[in-house]
Amino acid sequence: MIIEIVGKPGAGKTALNTLFLLRELTYKGQLLQRQSAKIINDFNANRKYKLPFPEKPPLYANYEIHIPTGYNQLFKPYHLNPYRLGLPTAQTADKLQLVFPYGCLHVTEARKYWDGRESSSMPDNVSRYFETHRHDYLTIIVDAQRGESLDLNIRSNANRFIEVQGMINDEDAYGRVIRSTWYSREFYSLQDYEAYLAGKTANYRNTTYRYEGNIFELYESRNCISDFVPEDKEGASFSMFEQLTRDEVKSLPPQMAEFYDSARPDWYRQKPATPKQRINLQ
């Protein structure tokens, strides 16, 4: 199953993604671990080099999640690098993450990895991974800001599309979050979802999700903040440019003056390179 969660910045997409992982752990964690072990045991019957069994429920995420499971105990899903997902080929066999059977994969900011503008250049082994993920009993849940921004190879194989309309957090007298509620619209076919995006009549249902507690304590809600921090090198710093007159700008070194130039830079919004055409030799 593939589920795509979309919504505006701050709508609660990653929080809802985390809620789904929490529910998998709570209601299906041990079952998923046993089912995974059974599949691996069948593989091992015919293997010289035995495969390991999952030491915990086979849940994966590309962002930091830490769920309390007991006194001074935390569950942390396995680390996931979405760039490393795909079916093995002769060139990629030792470069990919092969997750456990019955794995549940949670990816936030999915457009970073599978941008819809680059659909035509998605490698075949990656596209086929999403086409055949059910063969390995995988669940893949991704979130992105806009539905159409995600690669068509993924969207066309999705089973559910959840558009988060908003998230309301109830607080106690001390301002602590004690409950979160998500309001969303859900679509069960790509055709309905794309019709909705085009402003046409589409079938969907309004759904509500609720979590009792502070969902933000379970994951790093500012997981991408490091992208906004200067590199760790000499001279790197945050921007502190002052407002200057045109004459003052003219006296600046070229590498500083370009920050005051309102013209669009040459490198901005360049079209991606046209993918090479594949030639079939018969």
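- Between the side chain of Gln33 and the backbone N or O of Pro54, at least one donor-acceptor pair lies under 3.5 Å.
- Within 6.0 Å of CD on Glu248 lie more than 12 heavy atoms contributed by other residues, nucleotides or ligands.
- Atom-to-atom distance recorded for Leu218:CG and Ile67:CD1 is 5.5 Å, nearest 0.5 angstrom.
- Using modelled atom types, one side-chain atom of Asn44 and one backbone atom of Leu51 make a donor-acceptor pair closer than 3.5 Å.
- The shortest heavy-atom contact between Pro101 and Ser36 is O-OG, 2.9 Å.
- With sequence neighbours left out, the ring pair (Phe, Tyr, Trp, His ring centres under 6.0 Å) criterion links Phe187 to Tyr193, Tyr196, Tyr204.
- In this structure the side chain of Leu105 never reaches within 4.5 angstrom of the side chain of His133, judged on heavy atoms.
- Residues Met1 and Ile140 fall within the same hydrophobic cluster, defined by Ile, Leu, Val, Met, Phe, Trp and Tyr side chains chained together at heavy-atom separations under 4.5 Å.
- Of the possible polar contacts, one joining the Gln97 side chain to the His79 backbone as a donor-acceptor pair under 3.5 Å is found.
- Between Gln165 and Arg185, the closest heavy-atom pair is NE2-CD, 3.7 Å.
- Classified by interplanar angle (parallel below 30°, tilted 30° to 60°, perpendicular above 60°), the ring pair Tyr83/Tyr113 is perpendicular.
- Side-chain atoms of Leu32 and Leu59, non-hydrogen and from C-beta on, do get closer than 4.5 Å to each other.
- Within the 4.5 Å cutoff, no side-chain heavy atoms of Ser149 are placed close to those of Val6.
- Closest of all the heavy-atom pairs between Asp136 and Val99 is OD2-O, 3.8 Å.
- Residue pairs meeting the ring pair (Phe, Tyr, Trp, His ring centres under 6.0 Å) criterion with at least one partner in residues 3-56, sequence neighbours excluded, are Phe20-Tyr209.
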**Report entry** Intermediate values then yes/no, side-chain contact (heavy atoms from CB on, under 4.5 Å), Tyr188 and Arg160
**Finding:** CA-CA 5 Å; Tyr188 295 90; Arg160 289 167 61 190; 3.5 Å; yes
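- Looking at Trp114, its side chain never comes within 3.5 Å of a backbone N or O of Ile154 through a donor-acceptor pair.
- Placement of Phe161 and Leu16 in two distinct hydrophobic clusters is found when ILVMFWY residues are connected by side-chain heavy-atom separations under 4.5 Å, directly or transitively.
- Nearest approach of Ala15 to Ile215, heavy atoms of both residues: O-CG1, 3.9 Å.
- Side-chain N or O atoms of Asn62 include none that pairs as donor or acceptor with a backbone N or O of Asn81 at under 3.5 Å.
- Residue Tyr211 holds its OH atom at 10.5 Å from CE of Met167, rounded to the nearest 0.5 Å.
- Without hydrogens or angle criteria, Thr92 side chain to Lys95 main chain gives no donor-acceptor distance under 3.5 Å.
- For the pair Leu98/Pro88, a side-chain contact is recorded, criterion being any heavy-atom separation below 4.5 Å from C-beta on.
- Annotation: the span from Leu138 atom CG to Tyr60 atom OH amounts to 9.0 Å, rounded to 0.5 Å.
- Rounded to the nearest 0.5 angstrom, Asp115 CG and Met122 CE are separated by 10.0 Å.
- A continuous path of Ile, Leu, Val, Met, Phe, Trp and Tyr side chains, each step under 4.5 Å between heavy atoms, connects Ile39 with Leu87, placing both in one hydrophobic cluster.
- Minimum heavy-atom separation, Val164 to Ser184: CA-CB, 4.0 Å.
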**Report entry** Intermediate values then yes/no, side-chain contact (heavy atoms from CB on, under 4.5 Å), Tyr78 and Glu55
**Finding:** CA-CA 10 Å; Tyr78 291 111; Glu55 298 177 352; 4.2 Å; yes
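- Follow the hydrophobic side-chain contacts under 4.5 Å out from Leu25 and you reach Tyr137 in the same cluster.
- Nearest approach of Leu190 to Ser156, heavy atoms of both residues: CD2-CA, 3.7 Å.
- To the nearest 0.5 Å, atoms CG (Asn157) and OG (Ser127) are separated by 7.0 Å.
- With salt bridges taken as basic N to acidic carboxylate O contacts below 4.0 Å, one links Arg176 and Asp172.
- Remark: Glu4 does not engage Arg155 in a salt bridge, criterion side-chain N to carboxylate O under 4.0 Å.
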Query raised in the report: Leu21 and Tyr219: side-chain contact (heavy atoms from CB on, under 4.5 Å), yes or no, with the steps?
Result: CA-CA 11 Å; Leu21 186 145; Tyr219 73 103; over 6 Å; no
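- The shortest side-chain heavy-atom distance between Tyr63 and Glu109 does not fall under the 4.5 Å cut-off.
- Between Thr69 and Lys56 there is no side-chain heavy-atom pair separated by less than 4.5 Å.
- Within the 4.5 Å cutoff, the side chain of Leu19 has heavy atoms near those of the Arg23 side chain.
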Report task. Applying side-chain contact (heavy atoms from CB on, under 4.5 Å), run through Ile162 and Ile3 and close with a yes or a no. Result -> CA-CA 7 Å; Ile162 303 176; Ile3 300 175; 3.8 Å; yes
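- Crowding of Lys50 atom NZ: a count of heavy atoms from other residues, nucleotides or ligands under 6.0 Å exceeding 12.
- No side-chain heavy atom of Asp151 sits less than 4.5 Å from a side-chain heavy atom of Phe130.
- Rounding to the nearest 0.5 Å gives a distance of 10.5 Å between CG of Leu85 and CG of Asn125.
- Other residues, nucleotides and ligands contribute only 12 or fewer heavy atoms inside 6.0 Å of the CZ atom of Arg246.
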